[in-house]
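Presented below is the structure to which this report refers.
What you are looking at is a predicted structure, and each value in this text was computed from that prediction instead of being measured.
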Number of protein chains: 2
Amino acid sequence: MQTGQDAAAIFVERWNEAASFEQTGTCPVRNVLDKIGDKWSMLIVMYLAAGPKRFNQLHREIPDISQKMLTQTLRDLQRDGLVARQVFDTKPPSVEYRLTTLGHSLIVPFGHLIDWANQSIPSINKARAVFDAAS
Amino acid sequence: MQTGQDAAAIFVERWNEAASFEQTGTCPVRNVLDKIGDKWSMLIVMYLAAGPKRFNQLHREIPDISQKMLTQTLRDLQRDGLVARQVFDTKPPSVEYRLTTLGHSLIVPFGHLIDWANQSIPSINKARAVFDAAS
DNA sequence: GCCATTGATTACCTGGAGGTAAGTGCATGC
DNA sequence: GCATGCACTTACCTCCAGGTAATCAATGGC
């Protein structure tokens with residue numbers, strides 16, 4: 001709770017700080033949250049948490065992602081230093097993706113969020129049912 | 001780490017489960033992540049963490065949100081049971097928003113994420129600089 | 001020769017999140 | 001009698017994340 005309050009203060013502060021930038025929404029916290037909110041980043045991180053994977057291996061395990069989005073999301077993760085890309089000079093060149101130390105460190109706090117989500121889903125669904133019934 | 005791995009497994013499982021639905025993206029975990037990823041939900045939760053606030057009070061404290069989005073986001077949070085709305089029958093009717101118990105419980109895991117983000121920003125920026133230099 | 005696989009890139013298109021601006025009904029202040 | 005504040009609602013528009021599909025260059029199997 002205390003940590004939460006502190007975090008809230010920092011969060012709001014940074015957010016406001018970014019708001020004063022105006023030109024670009026370069027709030028560092030928002031920056032991270034955008035990745036978490038996008039459709040594929042966290043899914044890929046979670047798949048890579050199990051160990052390094054090749055491009056098409058990921059593609060097969062996540063059938064509903066397009067090649068374009070897989071490439072693009074991996075690039076973004078690589079750019080942010082969460083994922084490392086390694087090319088092997090085999091006959092048909094193969095590429096391996098693995099989480100970096102930084103990438104692995106995300107799994108812990110993100111895991112807490114997922115745990116919260118899973119625990120809270122019943123309450124949320126109940127609240128929604130009540131809300132929708134009254135409208 | 002262990003918790004993280006477990007969370008990852010549950011996450012991926014649920015995600016896939018939702019993928020099998022096909023018709024609607026009703027993955028419960030994605031459902032929660034969408035709120036966290038959207039532009040205003042978490043900012044409002046963080047502002048309300050400090051205590052109950054009135055509509056226009058929030059609007060003044062977050063100047064760059066539109067009335068439309070403030071109303072809409074508050075409604076969504078209310079529907080999910082994260083925020084409670086209380087109407088006072090004063091001469092110009094006033095409305096107060098406060099976090100529910102469920103809403104407060106989000107602050108803890110979300111705070112971990114923010115902490116991670118703040119701690120990791122230097123690494124991320126460095127990684128970006130390196131990546132951008134090599135392209 | 002034909003086709004598949006590997007890891008991409010590119011052009012084109014759509015849906016929906018979110019912004020802008022105006023309007024609403026009521027009450028108080030000047 | 002006009003403006004202001006409160007808590008919205010509505011119509012309209014814009015932008016971009018993400019999807020679809022075609023293409024690429026090299027290689028090995030049939």
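- Note on Tyr97(A): only backbone sugar-phosphate atoms sit closer than 4.0 angstrom, heavy atoms only; bases stay farther off.
- If you take CG of Leu58(B) and P of dC6(D), they are 12 Å apart, rounded to a whole angstrom.
- Residue Arg75(A) places at least one side-chain N or O under 4.0 Å from the OP1 or OP2 atom of dA8(C).
- Remark: P of dC6(D) and CD of Gln86(B) are 18 Å apart, rounded to the nearest angstrom.
- The backbone N or O of Met69(A) lies less than 3.5 Å from a partner atom in the side chain of Ser66(A), making a donor-acceptor pair.
- Going from atom NZ of Lys53(B) over to atom P of dA7(D) covers 14 Å, rounded to whole Å.
- Rounded to the nearest 0.5 Å, atoms NZ (Lys39(A)) and OG1 (Thr73(A)) are 10.5 Å apart.
- The OG atom of Ser41(B) sits 11.0 Å away from the CG atom of Leu33(A) when rounded to the nearest 0.5 Å.
- Formation of a donor-acceptor pair under 3.5 Å by the Ser135(A) side chain with backbone atoms of Asp132(A) is found in this model.
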For nucleotides 12-18 of chain C, give me every protein contact, N/O to N/O, under 3.5 Å, one pair per line with atom names.
from	atom 1	to	atom 2	distance (Å)
dG18(C)	OP1	Lys39(B)	N	2.9
dG18(C)	N7	Lys68(B)	NZ	3.4

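- Residue Trp116(A) holds its CH2 atom at 3.5 Å from CG of Leu106(B), rounded to the nearest 0.5 Å.
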What's touching nucleotides 4-6 of chain C from the protein side, N or O pairs under 3.5 Å?
from	atom 1	to	atom 2	distance (Å)
dT6(C)	OP1	Arg60(A)	NH2	2.9
dT6(C)	OP2	Asn56(A)	ND2	2.9
dT6(C)	O3'	Arg54(A)	NH2	3.3

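- Atom CD1 of Ile65(A) and atom C1' of dG19(D) are 11 Å apart (whole Å).
- Where the helix from dG1(C)-dC30(D) to dC30(C)-dG1(D) starts and where it ends, the local axes point in directions that differ by 20°; five pairs per end, rounded to 10°.
- What separates NE2 of His59(A) from C1' of dA8(C) is a distance of 11 Å, to the nearest Å.
- Here the C1' atom of nucleotide dG7(C) and the CG atom of Leu74(A) are 11 Å apart, to the nearest Å.
- Atom CD in Gln57(B) sits about 17 Å away from atom C1' in dC8(D), given to the nearest Å.
- Taking atom CG of Leu70(A) as the reference point, atom C1' of dA8(C) lies 10 Å away to the nearest angstrom.
- When side chains are defined from C-beta on, Ser105(B) counts as touching Leu102(B), because their heavy atoms get closer than 4.5 Å.
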